[in-house]
Amino acid sequence: MYLHCTRTRDLRVYQIRLANTTGMDIDIPVSMAMFGQPQAIVANLLCCSCGAPIDGSKNNGLAICFECIKLTTDISEGIPREATVHFCRGCERWLQPPNHWLLAQPESRELLALCLRKLKGLSKVRIIDASFIWTEPHSKRLRVKITVQSEAYQNTILQQAFEVEYVVVHTQCPDCAKSFTAHTWRACVQVRQKVPHKRTFLYLEQLLLKHNAHRDATNIKETKDGLDFFFSQRNHAQKMLDFLTAVAPVRTKKSEELISQDIHTNTKSFKFTFSVELIPICKDDLICLPPKLAMSIGNISSLVLCQKVANSLHILDPNTLKTAEIATPLYWRTPFPTLADVQDLVEFVVLDIEPLGLVKGKYILSDVQVARAADMGRNDTSYLVRTHLGGVLHPGDSVMGYHLTAANYNDSNFEDLQRRHSDRVPEVVLVRKFYPRKKKNKNRNWKLRRMNKEEGELLPKKADVDKAERDYEMFLRDVEEDVELRSALTLYKNTRKTGEDRMVGVEMDAMDEDKESEDEEEGLPQISMEELLDEFEVLGMADDDAEEVVG
């Protein structure tokens, strides 16, 4: 008897043939699983550095282990561990070489990308991760942790992490340098309005701050009748003109001045000046329209009140509640002055009121019997007038209005109206409700942002400073009383005071709470905290008379 073993087509099965003396052959298929797996032959090597056994078949012929490769190979060689970044404190921008200035917040993705671009040699490796390591805000240091990958040997990829420290060098960008140097501007926008107060400019200032339309201005200079905005580029001034045209009734005029000329290349350098004039009419002003203009805009009465000043002029007839809109080009074709402004308002006391039933929006037409507050206790003179303030006036309230019978106006349109329609000229025109209060309220729970404007060459007189404070206080009262005006502005919570009135948070002492309760009993308009935004330090709010000063 003998055995004969052969492999079948299935390499895992063997054919065993058993032959005996009788001449009969028996084939028996046998699987490899019956005998078990054969032992793999491993080619063991010793690491040349540490002597650890390694698999030579998987090490590509290298007689060194992976741990020793990590210890002896530096894939980040050639990448500096220190660098310098330049920062402009004026505009808070970072220099991106060669001459581009980038606006980036601390520890932002933009700043991280700028820091990585400062390192030479990163293009030879693959960046896996990069992140900032916290440092003190005033340390003038930025620390970044970077993780990279690279192929040290064939089929051998290493990953390493290292830290890079950046030194922040404070410098000045060219735009900020121009702002501190005289006569370096390329375009100037001169905004003017010839009125005895600056309420319209205060409103325009808040719109500019809300939409950040002045961000490209290198300097803002305050003049007698307006503001001057200086720009380093002409297109920045054009953007400012487009914004002013969209929010205010203005007309513009352009002029240019030749600075230099190269006759060889035929290149010239100019300075551009844009003169912007606002309509000399403000909210609550009394207007006497020309007859033709009054007929063309809906046959409205000639004696009207200015209801609102937007990109057009909105007027209201207090006797009929009819409203009309005068487009800016229509006004400048036939300009007309105001008959009286808010400085001519007289205080009256409401004796009786009777609604007439006509309602239009927030206005209710009513007949009101009023008397001058200065005449109370002296005589019994009273006036019966028709007004649009029937929804807010009650007997005993104070109201501001124009006393036409006691005034002498030098206006041809008004004289023509008196001559042709003397019955249409009322004795008193009521404008708005009057809330008796202190001269200057320092306990407001809100405040507005202010521009950082440069004063003129001559120092302002004390009378001019007092007048500016009165105009600003009048504007703040308008914001409190007019909900529609307040909705177009951005108000902030007033959580800090200066001097003796300094407070932390919105807490008030007992005396201030008593004063506030007295004001609420008198019915003073209040602004709810839901309408106010929180004060953030990143906005650069200055604690100066509860107002923010921004550039």
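A salt bridge is absent between Glu256 and Arg234: the closest approach of a Lys/Arg side-chain nitrogen to an acidic carboxylate oxygen does not fall below 4.0 angstrom. Comment: Arg199 does not engage Asp285 in a salt bridge, judged by the lack of any side-chain N to carboxylate O separation of less than 4.0 angstrom. Salt bridge Glu473/Arg444: present, at least one basic N to carboxylate O contact under 4.0 Å. Classification of Lys283 and Asp482 as a salt-bridged pair holds, one side-chain N sitting under 4.0 Å from a carboxylate O. Using a cutoff of 4.0 Å between basic side-chain nitrogens and carboxylate oxygens, Asp466 and Arg470 are not scored as salt-bridged.
One distance of note links SG of Cys88 with CG of Leu95; it measures 10.0 Å at 0.5 Å rounding. Atom CZ of Phe348 and atom CG of Asp397 lie 15.0 Å apart (nearest 0.5 Å). Taken from CD1 in Ile315 to CG in Leu289, the straight-line distance is 4.5 Å, to the nearest 0.5 Å. Interatomic distance, Leu286 CG to Leu305 CG, rounded to the nearest 0.5 Å: 6.0 Å. Distance NE2/His394 to CD1/Ile353: 7.5 Å, rounded to 0.5 Å. Arg93 CZ to Leu103 CG: the interatomic distance, rounded to the nearest 0.5 Å, is 8.0 Å.
Of all the heavy atoms in Leu293 and Ile326, the pair that sits closest is CD2-CD1, 4.4 Å. The shortest heavy-atom contact between Asp341 and Tyr402 is O-CE2, 3.1 Å. Asp471 approaches Leu202 most closely through the heavy-atom pair O-CD1, 3.7 Å. Taking all atoms of both residues into account, the shortest heavy-atom contact from Asp411 to Cys288 is OD1-CB, 4.2 Å. Across every non-hydrogen atom of Val250 and Thr328, the tightest pair is O-CG2, 3.5 Å. Closest non-hydrogen pair, Glu110 versus Ala104, comes out as CB-CB, 3.9 Å.
Ring orientation note: the planes of His388 and Tyr363 are nearly perpendicular, at an angle over 60° on the 30°/60° scale. Relative orientation of the Phe229 and Phe231 rings is parallel, given thresholds of 30° and 60° on the angle between their planes. Using cut-offs of 30° and 60° for the angle between ring planes, the Phe270 and Phe272 rings count as tilted. Between Trp94 and Phe87, the two ring planes are tilted [angle within 30° to 60°].
With contacts defined as side-chain heavy-atom distances shorter than 4.5 Å, the pair Arg450/Tyr472 qualifies. Side-chain contact between Val191 and Leu204: present, with at least one pair of heavy atoms (C-beta onward) separated by less than 4.5 Å. In this structure the side chain of His314 never reaches within 4.5 angstrom of the side chain of Thr323, judged on heavy atoms. Put simply, the side chain of Val195 does not reach to within 4.5 Å of the side chain of Thr338, judged on heavy atoms. Counting heavy atoms from C-beta outward, Val479 and Trp446 have side chains that approach closer than 4.5 Å. Side chains of Val385 and Leu430 form a contact here, defined as non-hydrogen atoms less than 4.5 Å apart. When side chains are defined from C-beta on, Leu476 counts as touching Leu448, because their heavy atoms get closer than 4.5 Å. Taking 4.5 Å as the limit, some side-chain heavy atom of Lys433 sits within range of a side-chain heavy atom of Leu393.
Heavy-atom neighbours of Lys140 NZ from other residues, nucleotides or ligands within 6.0 Å: at or below the threshold of 12. Heavy-atom contacts from other residues, nucleotides or ligands closer than 6.0 Å to CG of Asp380 number 12 or fewer. Atom CZ of Arg378 has 12 or fewer neighbouring heavy atoms from other residues, nucleotides or ligands inside a 6.0 Å radius. Around atom CG of Asn410, no more than 12 heavy atoms belonging to other residues, nucleotides or ligands sit under 6.0 Å away.
Taking the six-membered ring wherever Trp is involved, the centroid distance between the rings of His403 and Tyr383 falls below 6.0 Å.
A distance-only check finds a donor-acceptor pair linking the side chain of Arg486 to the backbone of Glu480 [under 3.5 Å]. A donor-acceptor pair is defined here as one N or O able to donate and one able to accept, closer than 3.5 Å; such a pair exists between the side chain of Glu205 and the backbone of Met451. A donor-acceptor distance shorter than 3.5 angstrom exists from the side chain of Gln206 to the backbone of Arg449, with no hydrogens or angles considered. Under the 3.5 Å distance criterion, the side-chain polar atoms of Ser366 are left unmatched by any main-chain donor or acceptor of Gly391. The main-chain N or O of Pro291 is never found under 3.5 Å from a side-chain atom of Ser302 such that the two would form a donor-acceptor pair.
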- Item | Working for side chain to side chain contact (heavy atoms under 4.5 Å, CB included), residues Val349 and Phe434 | CA-CA 10 Å; Val349 178; Phe434 176 70; over 6 Å; no
- Item | Working for side chain to side chain contact (heavy atoms under 4.5 Å, CB included), residues Val342 and Met400 | CA-CA 9 Å; Val342 292; Met400 303 298 291; over 6 Å; no
- Message: Apply side chain to side chain contact (heavy atoms under 4.5 Å, CB included) to residues Ser382 and Leu351 and explain how you reach the verdict.
- Response: CA-CA 9 Å; Ser382 62; Leu351 303 179; 4.0 Å; yes
- Message: Is there a salt bridge (Lys or Arg N to Asp or Glu O under 4.0 Å) between Asp242 and Lys239? Walk through the geometry before answering.
- Response: CA-CA 5 Å; Asp242 296 340; Lys239 288 171 59 178; over 6 Å; no
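The only option from Arg192, Lys194, Gln193, Arg251 that meets the side chain to side chain donor-acceptor pair (under 3.5 Å) definition with Glu277 turns out to be Arg251.
With sequence neighbours left out, Glu107 forms a side-chain hydrogen bond (donor to acceptor under 3.5 Å, both in side chains) with no residue at all.
Residue pairs meeting the salt bridge (charged side-chain N to carboxylate O under 4.0 Å, His left out) criterion with at least one partner in residues 295-320, sequence neighbours excluded, are Lys308-Glu484.
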